[in-house]
Amino acid sequence: MSQDLKKLLGEVIEMHRAELCKMADLIYDFAEKSAEEYKSMELLTDYLQNEGFTVERGIALDTAFRATWDNCRAAVDDEGKNTAPVLGILVEYDALEDIGHACGHHMQGPAGIGAAIAIKEVMKDYPFKLVIYGTPAEETLGGKIVMLDAGYMKELDLALMSHGSPNTSVDEKCMALENFVVTFHGVKSHAAISPDEGRSALDAALLSFHAIEMLREHVKDDTRMHYTIRNAGGPPNVVPDLTVAEYTLRSYSTSYLNTVVERFYNILKGAALMTDTTYDIQRDLPFKSKIVCHSVNDLLMKNAAYEKAPSIAAPRKKTGSTDFGNVLYEIPGSCIRIAFTKPDAQPHSQEYLEAGKTDKAHDAICYAAKIMADTFCDVITTPGLLTQIKEEFYAAKQKE
């Protein structure tokens, strides 16, 4: 029966192909930067509202949204709790500053809408709640983190995303990331005439860099630590009273990265103590490592094969950092990557930009919609499947 349902899901998506592709092309042309995606948000939410979804705009961030289709009906257990699954699709739509949509985010909203409309129309006889979250500012701020902190997305039982890529595949590990901007404060003096009166903010920064190099020997292999000087404080004949440094720490384990951060704080304290300086810390939003849910990845790839998606490849074992990792630290889910560029193309490149409105990009929108819809179909129609996914997720999180 599920094969028949998937055939119907695909037919609904194909019926909307022209509208979905036109929507993607418009978002591509808008090329709105992070947190400024007003036209893109309006385009997506107006379409969803016209399709009968209940839409909330400006949640947590001005250009974020939540669109809901509630088909739960009377799915209630003996304790009066609603047992219908709450299924989520997350979509991004921010462009890169100066270059535009060189990461394929313009395709995500239309793909998510295509999947949502198909599920809404075909799966009417099954109880479920479908939520589409518009998640802006992925490229800069990490909008999903802000939305999670405001309490959104936590109602989801399963969260899916799609993304353009050189191959059709899924990801496994991603890196947790902590970023800090530290301003050291010292005492300015003439470096030749009165060096004894000075307290060098630059020395404090340099000592912290040296300590990080010493720390490298005593952390796990997957730990990454980077630093740079934003402002060195002035000419060489003046003891600098201010130096601004930036540090990035990464690991494939959020819990382990937390221990590295504590050691980093001690480094700053030591550097300031040794130089008789003080410092202020600006901590950016922390990016978490996802909890890998292999059963969800397997479902997505099984449906990618069923839909005959192009350039199917093995999972990407390790990737960089993403705010979707924060979502997948709390909720089971995954992202299906769909081929639309040359095999060697890199994100944020001219090649991605040039592929953005091609036939392959339009095909990728529909493949992504079908694969996500098929995966939700499996979850809705297979008794116990969502329970198995959740059990795997929580077992993996305990080991993180």
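Numbering of residues begins at 1 and proceeds along the displayed sequence. All of these numbers come straight from a predicted model, not from anything done at the bench.
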Does the gap between the ring centers of F340 and Y352 come in under 6.0 Å?
yes
Any idea how F53 and W69 line up, ring-wise: parallel (<30°), tilted (30 to 60°), or perpendicular (>60°)?
tilted
Judged by modelled atom types alone, do S40 and E32 share a side-chain donor-acceptor pair under 3.5 Å?
yes
Cationic N near anionic O, under 4.0 Å, R17 to D363:
yes
Centroid separation under 6.0 Å, is that true for the rings of F264 and Y247?
yes
Establish, from distance only, whether the side-chain atoms of S253 and S255 form a donor-acceptor pair under 3.5 Å.
yes
Any ion pair linking D222 and K173 (charged N to carboxylate O, less than 4.0 Å)?
no
Tell me whether the NZ or CZ atom of K6 lies within the 45° cone about the ring axis of Y306 and under 6.0 Å from its centre.
yes
Should the pair D241-R199 be classified as a salt bridge under the 4.0 Å nitrogen-to-oxygen rule?
no
When you check the gap from the basic side-chain N to the acidic O, do E400 and K397 get nearer than 4.0 Å?
no
Determine whether E139 and H348 satisfy the following criterion, side chain to side chain donor-acceptor pair (under 3.5 Å), listing intermediate values before the conclusion.
CA-CA 10 Å; E139 296 289 0; H348 299 196; 3.3 Å; yes
Is the charged tip of K220 near the ring of Y256: under 6.0 Å from the six-membered ring centre and within 45° of its axis?
yes
Which class fits the ring pair Y279 and F184: parallel under 30°, tilted 30 to 60°, perpendicular over 60°?
tilted
